[in-house]
Amino acid sequence: MESEITPNILIVDDETQNLDLMEAYLSHLYELTLAESGEECLQKVKEKDIDLILLDIMMPGMSGYDVAETLKESETTRHIPIIMVTALSEKEDHIKGIEVGADDFLTKPVNRVELLTRIKSLLRIKSLHDELVAEKEHLKMQNRIRKVLTSIIPSLLSSVPPEQKKIIIRQMVDMVENIVRNSCTGSERETTDSQDVAQICCGAMNQLGASYFVDGGSDKNGCSIIKAHKCPWGEESKINPIMCNLTAGVFSKMVNGVTDGEVIVDKTMGNGDDYCCFHICIEEE
């Protein structure tokens, strides 16, 4: 199990005794970086990954207001939480701090419990923000991969003999099925219920960004019906029926991984239909 990374807090104050006090309060909980001026603060932010800044307002040269405004104007630093630590307590001072992007305020002399509480709260918010950014980047990458797949695969397969085409598609099915099986819980259990198997198929393919769902009951043959209005391969796949073959192949692998059955293709967006529809049929014992 990987150990958690200790947050790095940048403390900015031109008075040594204030830096020493903050260090005594926080050094046992966080990694600390110290700066004695606004200019040094901006340099430290460039050099290190900073998770939160404790920023004094009244400093020679760049004030805390100037530093906060500069940080919040930059795309790379605007999401770093800033707690302004100041002897100023007038309402106007807080308003000005908010205007330049401060996330919280502490008045000197700082109360240790209040300091730790504010830091913990803002670090939690930043952690959630970082997770959202990471997920966004993951989705962007996923979409780029889909675009490449749906652009290249049809051209690639159109230039190979039919028998070799079947081999390539089978290999692709195996690779995709392994990925979705490993990321989808519940696909290892044995079941002979078509509704249950249909749910497993939906959960597996939805790992790739699709919107498959089990549509009510069964058809006249007792098969469960799954549908989707969002394709796992992106919008480009709607003109590439080959990708629909890949989806059908993955479903077949998923079905036969838990029980004996077959997948019947009813509708696919790659063939011009408004939505995809597959029938999951389980062999009766």
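All values reported here derive from a predicted model rather than from experimental measurement. One is the number of the first residue; the rest follow in order along the sequence. All values below were derived from every heavy atom in this structure, side-chain atoms included, with hydrogens, water molecules and symmetry-related copies excluded.
Between Asp49 and Asn8 the shortest side-chain heavy-atom distance does not fall below 4.5 Å. Here the side chains of Pro81 and Ile125 are not in contact, with every heavy-atom distance at 4.5 Å or above. Looking only at side-chain heavy atoms (C-beta outward), Ile9 and Thr33 stay at 4.5 Å or farther from each other. A heavy-atom distance below 4.5 Å is not found between the side chains of Glu69 and Leu71. Side-chain contact between Ile53 and Val12: present, with at least one pair of heavy atoms (C-beta onward) separated by less than 4.5 Å. Using a 4.5 Å cut-off on side-chain heavy atoms (C-beta onward), Val85 and Met22 make contact. Proximity of Asp51 to Ile80: side-chain heavy atoms (C-beta onward) are nowhere separated by under 4.5 Å. Within the 4.5 Å cutoff, the side chain of Ile119 has heavy atoms near those of the Ile83 side chain.
Taking both residues in full, the closest heavy atoms of Ser211 and Asn206 are given as N-OD1, 3.4 Å, listed atom of the first, atom of the second, then distance. Annotation for Ala35 and Leu10: closest pair CB-CD1, 4.1 Å, computed over non-hydrogen atoms. Across every non-hydrogen atom of Cys231 and Met269, the tightest pair is N-CE, 3.7 Å. The minimum heavy-atom distance between Ile226 and Ala198, with the atom names listed, is CG2-CB, 3.6 Å. Smallest separation of non-hydrogen atoms from Arg118 and Phe105: NH1-O, 2.6 Å. Across Val110 and Leu106, no two heavy atoms sit closer than the pair CG1-CD1, 4.2 Å.
At distances below 3.5 Å, not a single donor-acceptor pair connects side-chain atoms of Asp273 with backbone N or O atoms of Lys267.
Between Cys223 and Cys281 the SG-SG gap is short of 2.5 angstrom.
Taken together through direct or relayed side-chain contacts under 4.5 Å among Ile, Leu, Val, Met, Phe, Trp and Tyr, Met254 and Ile264 form parts of separate hydrophobic clusters. By the criterion of side-chain heavy atoms lying less than 4.5 angstrom apart, applied directly or through intervening Ile, Leu, Val, Met, Phe, Trp or Tyr residues, Ile11 is grouped together with Leu122 in one hydrophobic cluster. Residues Val265 and Val214 share a single hydrophobic cluster, defined by chaining ILVMFWY side chains whose heavy atoms lie under 4.5 Å apart. Grouping the Ile, Leu, Val, Met, Phe, Trp and Tyr side chains by contacts below 4.5 angstrom, directly or via other members, places Leu52 apart from Tyr65. Hydrophobic clustering, with ILVMFWY side chains joined whenever heavy atoms are under 4.5 angstrom apart, keeps Ile82 apart from Leu32.
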- Query: Is there a side chain to side chain contact (heavy atoms under 4.5 Å, CB included) between Met84 and Val100 once you walk through the steps?
  - Reply: CA-CA 11 Å; Met84 285 193 160; Val100 297; 4.0 Å; yes
- Task: Applying side chain to side chain contact (heavy atoms under 4.5 Å, CB included), run through Asp20 and Glu23 and close with a yes or a no.
- Result: CA-CA 5 Å; Asp20 291 342; Glu23 194 169 11; 4.2 Å; yes
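The SG atom of Cys244 lies 6.5 Å from the CZ atom of Phe278; values are rounded to the nearest 0.5 Å. Leu54 contributes atom CG, which lies 12.5 Å from atom OH of Tyr25 (distance to the nearest 0.5 angstrom). Considering SG of Cys277 and CG of Asp215, their distance stands at 7.0 Å, rounded to 0.5 Å. Within the model, atoms CE of Met59 and OG1 of Thr86 stand 10.0 Å from one another, a figure rounded to the nearest 0.5 Å. If you take OG on Ser218 and CD1 on Ile280, they are separated by 11.5 Å, rounding to the nearest 0.5 Å. Taking OG of Ser121 as the reference point, atom CG of Leu116 lies at 12.5 Å (rounded to 0.5 Å).
Side-chain N/O atoms of Asn18 and Glu15 include a donor and acceptor closer than 3.5 Å. Inspection of the Glu39 and Gln43 side chains reveals no N or O donor paired with an N or O acceptor under 3.5 Å. No side-chain N or O of Ser37 forms a donor-acceptor pair with one of Asp14 less than 3.5 Å apart. Inspection of the Thr6 and Glu31 side chains reveals no N or O donor paired with an N or O acceptor under 3.5 Å. For the residue pair Asp130 and Ser127, no side-chain donor N or O sits within less than 3.5 Å of a side-chain acceptor on the partner.
The number of heavy atoms from other shown groups lying within 6.0 Å of CE (Met62) is above 12.
Of the listed residues (Asp260, Val263, Val250, Ile200), just one forms a side chain to side chain contact (heavy atoms under 4.5 Å, CB included) with Val255, and that residue is Val263. Between Asp103 and the choices Lys72, Lys126, His79, the side chain to side chain donor-acceptor pair (under 3.5 Å) rule is met once, by Lys72.
Checked against the 6.0 Å centroid threshold, Tyr212 and Phe251 count as a close aromatic pair.
In this structure, Asp56 pairs ionically with Lys108, as a charged nitrogen and a carboxylate oxygen lie closer than 4.0 Å.
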